[in-house]
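Written out below as structure tokens is the structure these notes cover.
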Protein chains: 2
Amino acid sequence: MVRKTKEDAELTRLRIIDAAREVFLARGVSRSTMEHIATQAGVTRGAVYWHFENKTELFQAMREQVFLPLIDRMDDTLLVEGSADPLTRIEHFLSGTIQVLDECITTRQTYEIMMIKCEYVDEFAEVLQKLLSNCSGIVENITLVYERAAAKGLLRDGLTPAEYSMDTHMFFTGLLHMWVKETDGSPIRQQARQLIKSHMALRRK
Amino acid sequence: MVRKTKEDAELTRLRIIDAAREVFLARGVSRSTMEHIATQAGVTRGAVYWHFENKTELFQAMREQVFLPLIDRMDDTLLVEGSADPLTRIEHFLSGTIQVLDECITTRQTYEIMMIKCEYVDEFAEVLQKLLSNCSGIVENITLVYERAAAKGLLRDGLTPAEYSMDTHMFFTGLLHMWVKETDGSPIRQQARQLIKSHMALRRK
DNA sequence: CTATTTACATACATTCTTGTTTGTATATAA
DNA sequence: TTATATACAAACAAGAATGTATGTAAATAG
């Protein structure tokens with residue numbers, strides 16, 4: 001049988017994306033060939049080229065599968081005024097992200113690929129720009145929340161909300177990198193929650 | 001003329017490393033070929049293969065040219081008891097590193113290559129391990145200095161020296177990443193000194 | 001002064017990848 | 001029911017890129 005129903009085809013598409021993630025992770029994006037990915041997915045290159053124009057498109061599909069949902073989550077956790085105070089909401093946002101990495105293999109693998117198995121040149125340079133503008137958004141949001149915390153008198157004096165926000169952003173960027181690069185030796189994955197707690201404790205009044 | 005004097009040969013070697021850095025930066029490590037590098041250096045692949053067995057060795061040479069001196073600098077700035085108090089020494093270490101990036105193109109390019117133009121798979125996985133163990137060393141050293149600061153009563157209460165050290169390390173890892181990825185839009189390179197100041201201000205008693 | 005390295009350049013063989021083209025069985029539309 | 005579009009597989013052509021082998025002129029050792 002050759003021609004599949006639409007649902008079958010969509011399944012094939014998803015299996016190709018899964019395969020791409022595995023192959024990217026194991027061999028790096030550059031060294032991964034369409035053939036590797038096809039084999040891993042149990043199809044031929046014909047199928048891969050049918051669903052994706054080239055490796056870059058496939059990479060983008062893999063990326064969006066993980067990052068689009070994550071962006072949505074952010075706004076909810078961070079900005080929606082809930083029961084918790086602003087500083088606790090930031091803390092939950094950070095440790096929530098870590099929790100997703102802990103629990104979701106797909107997300108974890110995608111992060112690892114994007115951080116240490118991908119070269120941001122040529123077509124991929126745009127991806128980096130997207131990531132950066134995404135970061136700017138996060139910093140802005142966190143700044144907002146720090147401002148609310150300051151307004152409520154919860155924020156320690158000394159730095160401006162924007163400065164606290166940048167410091168937090170740097171911290172979390174670094175944490176994510178260490179988390180992803182984690183080897184069996186260093187137990188950062190166990191410590192992450194505690195590190196976030198410590199970080200936030202520093203800015204409570 | 002073909003055969004060069006030993007000094008000439010060494011110059012050729014250095015020019016090849018320079019060329020490799022430029023090509024790696026422009027095309028990413030994976031997409032850079034020995035031919036690209038040779039052309040950029042004004043020699044043929046023969047010369048490149050004479051000096052380096054393969055691209056990985058060339059990459060390592062480029063890396064060590066920048067990182068070996070940097071490691072030396074760290075111990076001096078950080079550990080040698082000078083006129084400054086421990087917390088200020090940490091601050092100087094951090095902003096000193098940023099200053100090197102500011103002033104030295106070679107260092108800046110090498111950092112950029114290693115952070116966003118290299119895939120850490122196969123042979124390069126070891127490089128990542130080296131980098132990580134290097135990081136562990138830095139964290140240990142910074143912890144030591146925070147302990148001295150605590151002993152002198154300069155360190156704010158709340159976190160342990162180890163926790164402060166980890167937080168600082170995350171912060172600086174993140175800062176370096178943002179610094180390197182800096183686009184024309186965001187002015188992190190101007191802010192870096194101030195961000196470091198803010199970060200350290202948070203831990204002074 | 002001669003023999004031997006050295007420091008490359010040039011040429012060659014082989015392997016990988018890619019993109020495209022063609023073929024084809026079957027859903028699906030009309 | 002038939003025509004067409006779909007979802008692939010299989011085959012093809014062409015260009016990179018690598019590593020190695022060979023050539024060679026000059027530096028250096030003895």
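The chains referred to below are lettered A, B, ... by the order of the sequence lines, with proteins before strands, and numbering in each begins at 1.
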Can you pull out every side chain to side chain donor-acceptor pair (under 3.5 Å) where at least one residue sits in residues 44-53 of chain B? Sequence neighbours excluded, please. none
All side chain to side chain contact (heavy atoms under 4.5 Å, CB included) counterparts of A:Asp102, not counting sequence neighbours: A:Ile98, A:Trp179, A:Arg193
Find the distance A:Leu58:CG to C:dG19:C1' and express it as a whole number of Å. 16 Å
Could you tell me which residues satisfy side-chain hydrogen bond (donor to acceptor under 3.5 Å, both in side chains) with B:Gln109, sequence neighbours excluded, listed by chain and number? none
What pairs of nitrogen or oxygen atoms, one from the protein and one from nucleotides 12-15 of chain D, lie under 3.5 Å apart?
none

Does a donor on one side chain and an acceptor on the other come within less than 3.5 Å for B:Thr88 and B:Asp85? yes
What nucleotide, of C:dC8, D:dT28, D:dA9, holds the atom closest to the side chain of B:Thr5? D:dT28
Among all residues two or more places apart in sequence or in another chain, which pass the side chain to side chain contact (heavy atoms under 4.5 Å, CB included) test with A:Thr39? A:Glu35
Identify, residue by residue, the members of residues 7-39 of chain B with a heavy atom below 4.0 Å from DNA chain C, and return them in order of residue number, or none. B:Ala9, B:Thr12
Which residues pass the side chain to side chain contact (heavy atoms under 4.5 Å, CB included) test with A:Asp75, not counting sequence neighbours? A:Leu79, A:Asn141
Going by the rule side chain to side chain contact (heavy atoms under 4.5 Å, CB included), which residues pair with B:Leu70 if we only count those two or more places apart in sequence or in a different chain? B:Val66, B:Arg73, B:Thr107, B:Tyr111
Near DNA chain C, counting only heavy atoms under 4.0 Å, which residues of residues 48-57 of chain B show up? B:Trp50, B:His51
side-chain hydrogen bond (donor to acceptor under 3.5 Å, both in side chains) with B:Ser95: which residues, sequence neighbours excluded? none
For B:Arg148, give me all partners under salt bridge (Lys or Arg N to Asp or Glu O under 4.0 Å), at least two apart in sequence or on another chain. B:Glu81
Does a side-chain N or O of A:Lys4 approach OP1 or OP2 of D:dC8 to a distance below 4.0 Å, or not? yes
Going by side-chain hydrogen bond (donor to acceptor under 3.5 Å, both in side chains), name the residues that satisfy it together with A:Lys197, two or more places apart in sequence or in a different chain. A:Glu91
